[in-house]
Protein chains: 4
Amino acid sequence: MPRPKPTQPAASQSKAQTPRARRTAERRDVILAAALDEFSAQGFAATRMDDVAKRAGIAKGTIYLYFRDKESLFQELIRTMLTPVVGSIEALRDADVPMAVLSERMVDLFVDEIFSTRRRDVIRLMLLEGRRFPKLAEFYYREVLSRIFAAMRALLTRAADRGEAPAALAKFPQLLAAPGLVAVVWSGLFDRFEPLDVRALMKAHLEVLFARRSA
Amino acid sequence: MPRPKPTQPAASQSKAQTPRARRTAERRDVILAAALDEFSAQGFAATRMDDVAKRAGIAKGTIYLYFRDKESLFQELIRTMLTPVVGSIEALRDADVPMAVLSERMVDLFVDEIFSTRRRDVIRLMLLEGRRFPKLAEFYYREVLSRIFAAMRALLTRAADRGEAPAALAKFPQLLAAPGLVAVVWSGLFDRFEPLDVRALMKAHLEVLFARRSA
Amino acid sequence: MPRPKPTQPAASQSKAQTPRARRTAERRDVILAAALDEFSAQGFAATRMDDVAKRAGIAKGTIYLYFRDKESLFQELIRTMLTPVVGSIEALRDADVPMAVLSERMVDLFVDEIFSTRRRDVIRLMLLEGRRFPKLAEFYYREVLSRIFAAMRALLTRAADRGEAPAALAKFPQLLAAPGLVAVVWSGLFDRFEPLDVRALMKAHLEVLFARRSA
Amino acid sequence: MPRPKPTQPAASQSKAQTPRARRTAERRDVILAAALDEFSAQGFAATRMDDVAKRAGIAKGTIYLYFRDKESLFQELIRTMLTPVVGSIEALRDADVPMAVLSERMVDLFVDEIFSTRRRDVIRLMLLEGRRFPKLAEFYYREVLSRIFAAMRALLTRAADRGEAPAALAKFPQLLAAPGLVAVVWSGLFDRFEPLDVRALMKAHLEVLFARRSA
DNA sequence: GATGAATGAGGGTTCATTCAT
DNA sequence: TATGAATGAACCCTCATTCAT
């Protein structure tokens with residue numbers, strides 16, 4: 001499956017590839033990984049294609065065989081890495097367990113599948129650079145956020161009905177996600193001044209949210 | 001009273017100035033305002049000094065009479081606009097009122113003095129560019145965040161002692177501030193897809209946090 | 001005697017001035033002195049009018065009341081300082097003394113009236129920057145060099161006739177002046193590596209030139 | 001054999017190069033030649049990289065593939081062109097011939113290998129800009145001048161011992177070189193007013209210096 | 001006259017992108 | 001495909017000169 005024009009995302013995990021296709025997909029991934037490193041460290045504007053190439057161990061021109069331009073590289077990076085998370089969260093919604101258990105799973109999901117992976121950096125990039133990439137913001141909203149929030153709403157509504165969660169949460173699922181955002185941002189900027197125990201933060205948050213209330 | 005070296009912030013609100021000094025301070029403010037507009041819209045790297053000048057209605061070279069370089073302009077912009085907030089929050093801490101009242105004041109403070117002002121944009125800028133301006137991040141942490149969090153901790157500890165707040169909050173004041181961060185980020189990226197009623201969000205958050213708990 | 005247009009050289013030593021005129025002439029001299037310092041240290045292109053002003057202790061704009069522009073300042077500086085030397089050399093020519101005595105006077109003239117004065121710097125400037133100021137080079141050739149060389153030729157012809165000097169010197173008075181040029185250039189560039197005893201150099205030179213020859 | 005960092009001089013005359021390397025070396029030389037033209041005509045500060053590029057027939061950015069910056073280009077130009085001369089002069093010293101012959105060779109060496117080549121311009125540049133490039137002046141003194149003077153001293157001491165030269169010359173080799181300096185400076189400034197027969201000048205100079213003396 | 005804030009053309013340098021090999 | 005030399009538009013900053021005070 002040759003890539004005639006280097007534009008749309010390429011699933012690097014497609015099965016049954018020719019050796020050629022596998023090599024191509026691998027290269028692509030190497031470039032994306034290098035791009036993530038550089039974009040994360042420098043931001044979009046300050047990242048030089050030269051540096052991405054160097055980090056990927058290839059020539060500068062080669063990047064342009066895989067991605068149309070710098071912007072395209074950036075956008076595909078975000079797309080490629082963010083889509084998969086949604087499934088896990090929707091799975092959470094479908095599990096029928098008490099809030100106490102769910103809550104724990106949420107923490108694990110966030111910490112293990114996002115915060116301690118490169119996804120954390122991708123999310124930070126998205127949040128911070130998104131403004132200048134409206135298409136990207138839209139994609140992110142449509143394909144990621146709105147689906148995550150829909151799942152959360154379903155889950156929280158059910159919990160509220162059972163008296164396991166305050167009703168306000170179903171209206172503002174952002175409140176559930178807020179500390180995750182804090183963690184992501186904090187880790188980029190302030191960790192060196194004051195490290196943040198993210199798992200404890202998340203736990204504390206969920207405990208407060210889902211504590212049993214009087215009346 | 002000439003400004004010998006265009007480096008340190010100039011109090012633009014000093015009283016009893018000579019006409020010359022007033023004009024100078026005004027110019028400075030005009031430039032800062034223009035810079036905020038441009039930096040907010042384009043980010044640091046993508047902003048052109050030319051555009052800042054044009055927006056300020058002055059010649060490009062003039063900026064350099066007031067700020068050493070682009071970076072300096074950027075950093076002073078952040079400093080100038082963020083420092084004043086701290087006082088308001090510390091004032092909150094010193095007011096001895098029940099949590100219900102305090103909670104309302106917090107919402108008002110955030111919405112009226114931050115979210116609906118240019119400060120919202122400055123905070124977003126800070127988050128966006130902080131990584132590449134470690135000095136700035138440090139300044140922000142030291143002069144703003146840590147002081148705000150200290151005030152919050154004091155306030156929340158007192159409240160916890162009175163049973164008006166969960167103890168976890170005093171440990172993680174970030175949890176109190178988290179929806180503010182959400183609001184700032186959301187307003188830049190997703191408002192056009194799904195507007196967010198920030199005041200309602202904040203209120204809901206504080207209600208959940210400070211709801212009376214059973215045992 | 002007000003200076004209506006700041007163009008032509010102003011004799012700062014004119015007599016019987018009004019106080020106003022004196023002040024004007026003084027200012028002019030201060031500027032010229034400052035200009036000499038800066039041009040000598042940085043060269044024409046790298047010297048900033050700002051620095052000249054600062055060194056002169058006046059405002060930048062003031063320079064333009066006395067000199068049309070930077071180039072004009074430079075050229076008048078050279079003109080003002082070089083013209084006076086010619087007279088001394090022509091006086092040498094008219095003195096009827098044996099070569100041994102003349103030779104000593106030449107050394108003194110060069111060392112005392114040129115090399116150890118600011119004129120050394122002016123000459124260096126002239127030689128080095130002259131290429132880009134053809135008018136100036138012409139002036140210097142016409143008003144200074146050609147007259148000095150004419151005087152030297154006369155003097156050397158007479159000496160040759162008396163057998164006190166080699167005939168070649170009258171043809172190439174440059175040979176007589178050459179070590180002066182060396183001294184001027186050396187003092188700007190290499191003195192810190194290897195100081196040059198200029199008086200000894202000049203003496204040695206003249207001794208070699210005017211040594212008694214065998215047949 | 002890629003040029004990893006465009007900093008140190010590249011021997012453009014190395015043999016047995018790959019075609020790529022040859023092309024690279026050629027380009028480098030083309031740029032240096034263009035730079036020499038421009039720097040000679042305008043001086044360092046007034047020369048625009050644009051013009052160097054245009055004269056070299058390449059794009060402006062290309063220069064920066066071969067030289068770190070304008071200053072580096074300038075300095076390497078000087079270094080590249082002046083270093084080779086030293087050898088020739090040291091060779092003179094080692095030739096054991098009578099002063100009359102040596103004297104003629106000196107004239108030829110200066111006229112043919114310096115004065116009528118681009119080196120004349122490089123020396124003029126060195127003199128002109130040396131003050132603002134102390135490193136360059138030091139290099140020139142250490143690598144060129146001091147070695148030339150050492151060779152001259154050896155040669156002149158030997159000649160003096162044989163009675164073929166005045167002893168003063170060994171002490172001040174500058175006296176031997178002085179007319180060379182005159183020629184270089186004169187050719188830039190005054191040739192159009194009064195052409196100078198440089199070969200004749202040099203010959204006359206050496207004749208005077210090495211004439212047989214009485215006593 | 002004197003000031004120095006303001007101007008804006010000019011130039012060094014960077015870097016995304018292209019293209020000959 | 002892969003390379004990396006080459007391109008040239010873009011942008012920050014400087015500084016000679018002007019002009020309102």
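We name chains A, B, ... by the order of the sequence lines, and we start the count at 1 in each one.
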Rounded interatomic separation in angstrom, taking CZ from Arg22(B) and P from dT21(F): 15 Å

Considering just the side-chain nitrogens and oxygens of Tyr66(A), establish if one lies under 4.0 Å of OP1 or OP2 belonging to dA2(F). yes

Measure CD/Gln42(B) against P/dA10(F) and give the value in whole Å, please. 15 Å

Take atom CG of Asp69(B) and atom P of dT14(F), then tell me their distance rounded to the nearest Å. 8 Å

If each of Phe44(C) and Lys70(B) is mapped to the nucleotide of DNA chain F with the nearest heavy atom, which maps nearer the 5' terminus, i.e. the 5' end? Lys70(B)

For dT1(F), take OP1 and OP2 only and decide whether either is under 4.0 Å from a side-chain N or O of Arg27(A). no

Whole-Å distance, Tyr64(A) OH to dC15(E) P, equals 12 Å

What does dC19(F) pair with, Watson-Crick or G-U, if both distances are under 3.5 Å? dG4(E)

Any side-chain heavy-atom pair of Val52(D) and Asp37(D) under 4.5 Å: no

Just the rounded figure in Å: distance from P of dA16(E) to CG of Leu65(D). 14 Å

How long is the span from the CG atom in Asp29(C) to the CG atom in Leu36(C), to the nearest 0.5 Å? 12.0 Å

Smallest separation among heavy atoms of Ile63(B) and Ile58(B), with atom names: CG1-CD1, 4.0 Å

Lys135(C) and Gln75(C): which non-hydrogen atoms are nearest, and at how many Å? CB-OE1, 4.2 Å

Axial cation check for Tyr66(B) ring with Arg27(B), 6.0 Å and 45° limits: no

So what's dG11(E) paired with, Watson-Crick or G-U wobble, going by both distances under 3.5 Å? dC12(F)

Among dT17(E), dA2(E), dG12(E), which nucleotide has an atom closest to any side-chain atom of Arg23(C)? dA2(E)

Check the distance between dA6(E)'s C1' and Arg28(B)'s CZ and give it to me in whole angstrom. 17 Å

Rounded off to whole Å, could you give me the CD-to-C1' distance for the Glu71(C) and dT17(F) pair? 14 Å

By a strict heavy-atom criterion of less than 4.0 Å, which residues belonging to residues 47-63 of chain B are in contact with DNA chain E? Ile58(B), Ala59(B), Lys60(B), Gly61(B), Thr62(B)

Are Arg79(C) and Phe139(C) in a cation-pi contact, defined as NZ or CZ under 6.0 Å from the six-membered ring centre and within 45° of the axis? yes

Heavy-atom side-chain contact between Leu73(B) and Leu32(B) under 4.5 Å: yes

